[in-house]
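Structure first, commentary second.
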Amino acid sequence: MQRRERRRFMCRLFKAAHRFPQRISNLFMYKCLNYIWRLCATALSYICFGLGGLVLWIVVFPALSLFVRDRQRLSIAARWVIRQTFRAFVGLMHRLGIFTYETHGLDRLNRHGLLILANHPTLIDVVFLISFTARADCVVKAGLATNPFTRGPVTAAGFIHNNAGPELVSDSVASLRAGNNLIIFPEGTRTPMDGTLAKLQRGASNVAVRGEVDVTPVLIQCNPLMLVKGVPWWKIPGNRPHFRIEVREDLPIASLTGPCASDALAVRRLTERLTDYFITEIHSGSGHTNARTRNQGTHHQFPCVGEHNGQRH
């Protein structure tokens with residue numbers, strides 16, 4: 001009996017050893033095909049983004065201006081169109097299998113007059129944030145206003161250019177007081193590939209101090225990284241990236257700056273505090289929520305772009 005059992009065991013072991021190279025080969029083939037698919041899907045997404053920008057510039061916004069004459073109402077309508085377009089674009093990239101993502105604390109964006117400061121690891125961070133934020137305004141690179149693929153949305157929405165000089169702060173404060181939610185990446189550029197937070201510019205702190213507005217911080221994590229600074233778009237990671245976007249509780253600027261003799265000192269101190277905050281939160285891995293928050297999340301295989309706490313896509 002024992003001899004028969006040993007014989008059966010050796011037979012199963014031999015079959016498993018025989019199938020092992022085939023399974024490894026199948027796994028390697030799957031990873032190769034998945035990589036090629038994601039590369040083609042990324043190229044398709046770039047084409048869709050560019051064509052979409054041209055359609056908005058040439059067709060949609062001129063048509064919208066025929067029905068909405070008031071400049072302020074036109075800007076609000078254009079931002080609504082951009083938000084819906086970006087929501088669709090995020091959904092497209094997700095359904096194509098380019099990345100997965102999860103969100104936490106998006107209900108905190110259901111307010112008005114927010115100063116939203118976020119780190120900037122990838123090229124599509126602004127697409128995510130605008131798609132999640134109602135009446136989103138944004139400080140953008142001036143070059144986007146002359147780029148044919150982004151000129152239409154940037155001009156129609158009246159986004160603030162980062163080369164506006166002294167008017168940048170006053171325009172930003174005016175936007176917040178008008179009820180818009182202003183998105184700023186304090187680094188001024190994408191985070192270097194090594195993950196080291198770039199030196200924060202003082203523009204965001206100037207807006208917070210002179211506008212007397214608390215900061216709504218957003219932490220964006222992407223693992224493995226994609227569309228990072230200095231890397232061509234076609235150099236995609238070997239595995240599908242996963243984004244984690246968390247809107248944190250507001251940071252009261254009064255407690256961050258303390259009593260200051262001047263606005264300039266308050267701006268300098270706030271910039272230092274924000275630098276410490278983002279470095280600590282990003283590198284400590286504290287972007288992960290506790291088990292209770294995760295258990296409240298909803299898992300979807302092919303969802304629409306949602307705005308629920310702890311939602312994973």
Side-chain angles (χ1 to χ4, degrees), residues 42 45-46 49-50 53 82 86 89-90 93 99 115-133 136-151 153-155 157 159-169 171-172 175 181-208 215-237 241 243-248 267-268 270-283 287:
T42 302
S45 298
Y46 261 81
F49 187 89
I82 293 170
F86 280 6
F89 184 70
V90 170
M93 295 187 74
F99 57 71
L115 176 58
I116 302 169
L117 304 187
N119 62 309
H120 196 8
T122 79
L123 185 63
I124 60 173
D125 301 330
V126 67
V127 177
F128 271 114
L129 290 183
I130 291 180
S131 71
F132 295 146
T133 308
D137 197 356
C138 190
V139 176
V140 299
K141 289 185 177 181
L144 295 179
T146 57
N147 186 314
F149 301 112
T150 56
R151 177 178 177 178
V154 169
T155 303
F159 289 152
I160 301 169
H161 300 175
N162 65 351
N163 66 345
E167 295 180 357
L168 187 151
V169 175
D171 290 345
S172 298
S175 179
N181 294 320
L182 182 63
I183 299 171
I184 300 179
F185 297 101
E187 294 172 89
T189 184
R190 277 174 285 170
T191 306
M193 192 173 181
D194 61 4
T196 303
L197 192 73
K199 181 179 179 181
L200 300 192
Q201 307 298 313
R202 294 186 181 180
S205 297
N206 261 302
V207 174
V215 170
T216 302
V218 177
L219 298 181
I220 303 175
Q221 297 174 329
C222 179
N223 185 33
L225 287 170
M226 65 175 289
L227 301 178
V228 296
K229 184 177 181 180
V231 178
W233 67 266
W234 45 268
K235 287 191 175 181
I236 63 174
F243 282 84
R244 189 178 191 282
I245 303 168
E246 181 179 4
V247 184
R248 291 294 189 86
V267 168
R268 188 180 309 117
L270 179 58
T271 302
E272 294 172 355
R273 298 291 187 274
L274 289 175
T275 301
D276 294 339
Y277 176 85
F278 278 105
I279 289 177
T280 301
E281 297 303 319
I282 292 172
H283 293 286

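Only heavy atoms go into these numbers, but all of them, side chains included; no hydrogens, no water, no symmetry mates.
- Residues passing the side-chain contact (heavy atoms from CB on, under 4.5 Å) test with Y46, sequence neighbours excluded: T42, L123, L227, W233.
- Using a 4.5 Å heavy-atom cutoff, the side chains of F99 and I236 are not in contact.
- The minimum heavy-atom distance linking P153 with I82 is given by the pair O-CD1, 3.4 Å.
- Side chains of L182 and I160 form a contact here, defined as non-hydrogen atoms less than 4.5 Å apart.
- The side chain to side chain donor-acceptor pair (under 3.5 Å) test applied to S175 returns D137, N180, not counting sequence neighbours.
- Scored by the side chain to side chain donor-acceptor pair (under 3.5 Å) test, T122 finds D125 as partners (sequence neighbours excluded).
- Under the rule for a side chain to side chain donor-acceptor pair (under 3.5 Å), the partners of E187 that lie at least two apart in sequence or sit in another chain are T191.
- Sorted by first and then second residue, the pairs that involve residues 181-208 and meet ring pair (Phe, Tyr, Trp, His ring centres under 6.0 Å), not counting sequence neighbours, are H120-F185.
- Between P186 and L274, every side-chain heavy-atom pair lies at or beyond the 4.5 Å cut-off.
- Counting heavy atoms from C-beta outward, H161 and V154 have side chains that approach closer than 4.5 Å.
- Shown here are the side-chain contact (heavy atoms from CB on, under 4.5 Å) partners of K141, two or more places apart in sequence or in another chain: L144, N162, T189.
- The heavy-atom pair separating N119 from F278 by the smallest distance is N-CE2, 3.9 Å.
- Residues satisfying the side-chain contact (heavy atoms from CB on, under 4.5 Å) criterion with S45, sequence neighbours excluded, are F89, M93, L96, I98.
- Within the 4.5 Å cutoff, the side chain of V218 has no heavy atoms near those of the R248 side chain.
- Counting heavy atoms from C-beta on, the side chains of F132 and I245 come closer than 4.5 Å.
- The CG atom of L117 sits 11.0 Å away from atom CG of L219, with the distance rounded to the nearest 0.5 Å.
- With sequence neighbours left out, the side-chain contact (heavy atoms from CB on, under 4.5 Å) criterion links N181 to L114, I116, T133.
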